[in-house]
Number of protein chains: 2
Amino acid sequence: MIFHVNPSSGSPIYLQLMEQVKHAIEIGALLAGEQLPTLRKLAEELVINPNTVVRAYRELEHEGIVELRHGAGAFVSESAPNRAKISLKAQTVMQTAVDRLSAAGLNEKEIRRLVESELARLRAGDMTGRNA
Amino acid sequence: MIFHVNPSSGSPIYLQLMEQVKHAIEIGALLAGEQLPTLRKLAEELVINPNTVVRAYRELEHEGIVELRHGAGAFVSESAPNRAKISLKAQTVMQTAVDRLSAAGLNEKEIRRLVESELARLRAGDMTGRNA
DNA sequence: CGTACTGTATTAACAGACTAGTACACTTTC
DNA sequence: GAAAGTGTACTAGTCTGTTAATACAGTACG
């Protein structure tokens, strides 16, 4: 199981790592129940801080993809393949939207803004329309 | 022309203001060529810093929605209604995606991450698939 | 012209996200 | 039960985005 991240890629390292793990599960390189690399080992291999690996693992745990056992290690959750598949589908949904918007001439900033607007709308009551 | 913003809404004030202006143009409350409120006047009315209004106006100018004339004022661009309509359509695209993802159980963080992943993919070469 | 109004530019204060450093607590193995 | 290995918790530094404070430059109008 070889991971690789790019600290100067613009996107956060912990996020890149999360994607890598999900991808590995999707293609079957990581199986349910299997143990993941330990924090320090992976951190050393990627030449990053162990806390960055922790961040990735912890968020993956929150998504139900991995399971952290204190003192024992990090393991691929039993439901991981299913969740990873859902995650992949979600990715497709967003990819379609972003592609359409990008094709319409919107830049990164504008796309990010649209997302924030929609999230804010959800956070509020969500009245779908634009007439308060 | 009455605008209103909420400084503790979570989303940036200048962004809220941009939406308001676009909305006003979409519904015809602001017509092409019409003069917008001056920086200081609007800032005073909304009880925010003039620079925040500047930020909104300047970005709207970058999107071709408004036109800033040094010493004269801010005006609704001739192409504004058309651009505002495109902007509205883009909003619908993103709204659909976000709604679907939200319905699938994803929270704000996860949705934001998906966007960043997709933007990063665009920024790179965009190979659509997941197999580099 | 000159006054009062416009937008412009530069700098700083503040908050949040990301990463790093260091010490702690639990499991496994012998 | 002790040592080595695991994840956990807390703190601090750095960077970026947002807002604010203040001084500058152009335009309109008498």
Side-chain angles (χ1 to χ4, degrees), chain A residues 5-19 21 34-62 65-77 107-113 115-117 119-120, chain B residues 5-19 21 34-62 65-77 107-113 115-117 119-120:
Chain A
V5 294
N6 180 2
S8 56
S9 147
S11 53
I13 298 174
Y14 81 96
L15 218 165
Q16 295 178 45
L17 190 51
M18 287 176 68
E19 292 295 328
V21 172
E34 190 172 347
Q35 178 164 12
L36 290 160
T38 68
L39 295 180
R40 292 170 182 77
K41 215 161 199 169
L42 186 50
E44 185 183 9
E45 181 184 327
L46 299 177
V47 196
I48 58 180
N49 193 285
N51 274 326
T52 304
V53 180
V54 170
R55 174 93 186 250
Y57 278 10
R58 232 181 164 301
E59 303 250 1
L60 284 169
E61 180 183 40
H62 187 258
I65 306 276
V66 315
E67 187 178 340
L68 294 176
R69 297 184 203 146
H70 196 170
F75 300 84
V76 178
S77 135
N107 60 31
E108 292 197 10
K109 259 191 194 171
E110 293 168 333
I111 291 175
R112 253 185 275 258
R113 273 179 214 147
V115 176
E116 289 307 318
S117 291
L119 290 178
Chain B
V5 294
N6 180 3
S8 56
S9 147
S11 53
I13 299 174
Y14 80 96
L15 218 166
Q16 295 179 44
L17 190 50
M18 286 177 68
E19 292 295 329
V21 173
E34 190 173 347
Q35 177 165 11
L36 290 159
T38 68
L39 295 180
R40 292 170 183 78
K41 215 161 200 168
L42 186 51
E44 186 183 8
E45 182 183 327
L46 300 178
V47 196
I48 58 179
N49 193 285
N51 276 327
T52 303
V53 180
V54 169
R55 175 93 185 250
Y57 278 10
R58 231 181 165 304
E59 303 248 4
L60 284 169
E61 181 183 39
H62 187 256
I65 307 276
V66 316
E67 187 178 341
L68 295 175
R69 297 184 203 146
H70 195 171
F75 300 84
V76 178
S77 133
N107 60 30
E108 292 197 10
K109 259 190 196 173
E110 293 167 333
I111 292 175
R112 255 184 275 259
R113 275 179 213 145
V115 177
E116 289 307 318
S117 292
L119 290 178

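Just so we're on the same page: letters track the sequence lines, and every chain starts at 1. Every heavy atom of this structure was used, including side-chain atoms; hydrogens, water molecules and symmetry mates were not.
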First-last contacting nucleotides on DNA chain C - partner chain A, under 4.0 angstrom, heavy atom = dC18(C) to dT27(C)

Look at the side chain of Gln16(B) and the backbone N and O of Asn6(B), then say whether any donor-acceptor pair between them is shorter than 3.5 Å.
-> yes

Flag side-chain contact, heavy atom, 4.5 Å: Leu17(B) against Leu42(B) = yes

Do other residues, nucleotides or ligands put more than 12 heavy atoms under 6.0 Å from Arg112(A) CZ?
-> yes

Electrostatic pair Arg55(A)-Glu59(A), nearest N-O below 4.0 angstrom = yes

Interatomic distance where CD belongs to Gln35(A) and C1' belongs to dG5(D) [whole Å] | 11 Å

NA contact type, Leu39(B), heavy-atom cut-off 4.0 Å: base, sugar-phosphate, or nothing?
-> base

Closest heavy-atom pair, Pro37(A) versus Tyr57(A), reported as atoms and distance to 0.1 Å, is O-OH, 2.9 Å

Heavy-atom neighbours of Gln35(A) CD exceed 12 at 6.0 Å | yes

Nucleic acid footprint by protein, nucleotides 16-26 of chain D - heavy-atom cut-off 4.0 Å, B for base, S for sugar-phosphate alone = --SBBBB--BB

In short, Glu61(A) meets Leu68(A) closest at the heavy-atom pair OE2-N, 3.4 Å

Do other residues, nucleotides or ligands put more than 12 heavy atoms under 6.0 Å from the CD atom of Glu34(A)?
-> yes

